[in-house]
Amino acid sequence: MKDKLTIKQEKYAQGLFKGLTQREAYKQAYDAENMTDKSIDEKACELAANVKVKSRLEELSNELRLRNMVTVERVLTEYAKLGYFDVRNLFNNDGSPIPIQELDDETAAALAGLDIQEVYEGTGDNRKFVGYTKKYKLPDKKAALDSMAKYLGMFTDKVEVNHTITIEDILDDI
């Protein structure tokens with residue numbers, strides 16, 4: 001297990017990854033209370049040059065890149081969620097709305113928004129809470145389907161041009 005970083009090295013690498021300076025990352029990871037800034041800077045610089053630390057920083061950067069990567073597949077997956085969204089997935093069999101925290105991931109991802117208002121009957125001291133009005137904001141299915149169809153080449157704009165070019169026309173232009 002030689003390739004593993006020590007806990008302090010990992011903490012230092014994490015600090016650098018978060019955007020701390022070498023000095024601050026070192027102070028956060030190591031007991032540097034009795035050290036001068038010059039000593040801290042030297043140790044931090046040595047640590048930053050360490051192959052294992054460099055490798056860990058690269059690993060963290062790659063993980064972040066992969067997590068946030070926008071790909072054709074991801075975009076098409078999101079379009080599919082919107083385009084094939086079924087409003088019935090918002091409700092139980094009895095017609096009551098499924099609580100937002102219980103929606104499956106695809107249904108929740110397809111929602112554009114949700115407005116909730118408390119509903120009361122009566123006024124003043126006689127006012128009584130009776131429930132909620134929930135308004136789901138749904139995506140534009142047609143726009144999502146059009147985007148997918150365009151990607152698939154289903155809708156192409158064709159321009160027809162009828163023009164005859166003769167060799168004389170070409171020679172005249174020379």
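Just so you know, these numbers come straight off a predicted model, no measurement behind them.
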For [X], look at atom [atom1] and say whether over 12 heavy atoms of other residues, nucleotides or ligands are found less than 6.0 Å away.
| X | atom1 | result |
| --- | --- | --- |
| F85 | CZ | yes |
| D94 | CG | yes |
| Q101 | CD | yes |
| K54 | NZ | no |
| Y151 | OH | no |
| E59 | CD | yes |

For this session: Would you list the pairs meeting ring-ring contact (aromatic ring centres under 6.0 Å, His included) in which at least one residue belongs to residues 35-77, sequence neighbours left out?
Result: none
Looking only at heavy atoms, which two atoms of [X] and [Y] are closest? And how far apart?
| X | Y | answer |
| --- | --- | --- |
| A112 | P139 | CB-N, 4.3 Å |
| L82 | A144 | CB-CB, 3.7 Å |
| N50 | K52 | OD1-N, 2.7 Å |
| E78 | A109 | OE1-CB, 4.3 Å |
| I100 | L111 | CD1-CD1, 3.9 Å |

Under 4.5 Å between any side-chain heavy atoms of [X] and [Y], yes or no?
| X | Y | answer |
| --- | --- | --- |
| Q22 | Y12 | yes |
| Q14 | R56 | yes |
| L57 | L16 | yes |
| H163 | I165 | yes |

Are any of the side-chain nitrogens in [X] or [Y] under 4.0 Å away from the carboxylate oxygens of its partner?
| X | Y | value |
| --- | --- | --- |
| R127 | E121 | no |
| D86 | R88 | yes |
| K142 | D146 | yes |
| D115 | K137 | yes |

Problem set entry | Hydrophobic cluster identity match, V87 and Y84, side-chain contacts under 4.5 Å | no
Problem set entry | Connected via hydrophobic side-chain network under 4.5 Å: L60 and L20 | no
For this session: Could you give me the CA-CA distance, side-chain angles and deciding distance for L47 and Y30, then say whether side chain to side chain contact (heavy atoms under 4.5 Å, CB included) is met?
Result: CA-CA 11 Å; L47 200 53; Y30 291 86; 3.4 Å; yes
Exercise. Going by the angle between their ring planes, with limits at 30° and 60°, are Y132 and F129 parallel, tilted or perpendicular?
Worked result: perpendicular
Exercise. Residues in side-chain hydrogen bond (donor to acceptor under 3.5 Å, both in side chains) with D105, at least two apart?
Worked result: none
Hey, does the side chain of [X] reach the backbone of [Y] with a donor-acceptor pair shorter than 3.5 angstrom?
| X | Y | result |
| --- | --- | --- |
| E58 | S55 | no |
| K134 | P97 | no |
| S96 | N92 | no |
| D104 | T107 | yes |

Can you tell me how far apart [atom1] ([X]) and [atom2] ([Y]) are? Round to the nearest 0.5 Å.
| X | Y | atom1 | atom2 | answer |
| --- | --- | --- | --- | --- |
| N126 | Y120 | CG | OH | 14.5 Å |
| M154 | M148 | CE | CE | 9.5 Å |
| E10 | I7 | CD | CD1 | 9.5 Å |
| E63 | L66 | CD | CG | 8.0 Å |
| K135 | I116 | NZ | CD1 | 12.0 Å |

Problem set entry | side chain to side chain contact (heavy atoms under 4.5 Å, CB included) evaluation trace for Y26 with K8 | CA-CA 9 Å; Y26 189 88; K8 290 180 179 184; over 6 Å; no
Could you list the donor-acceptor pairs under 3.5 angstrom formed by side chains in residues 34-44, with sequence neighbours left out?
| unit_1 | atom_1 | unit_2 | atom_2 | d |
| --- | --- | --- | --- | --- |
| T36 | OG1 | S39 | N | 3.1 |
| T36 | OG1 | S39 | OG | 3.1 |
| D37 | OD2 | R23 | NH1 | 3.4 |
| K38 | NZ | E42 | OE2 | 2.9 |
| D41 | OD1 | R23 | NE | 2.8 |
| D41 | OD1 | R23 | NH2 | 3.4 |
| D41 | OD2 | R23 | NH2 | 2.6 |

For this session: Check the pair L138 / L90 against side chain to side chain contact (heavy atoms under 4.5 Å, CB included), numbers first and verdict last.
Result: CA-CA 11 Å; L138 303 178; L90 294 171; 4.1 Å; yes
For this session: Kindly determine whether S61 and F17 satisfy side chain to side chain contact (heavy atoms under 4.5 Å, CB included), including the steps that lead there.
Result: CA-CA 8 Å; S61 295; F17 184 69; 3.9 Å; yes
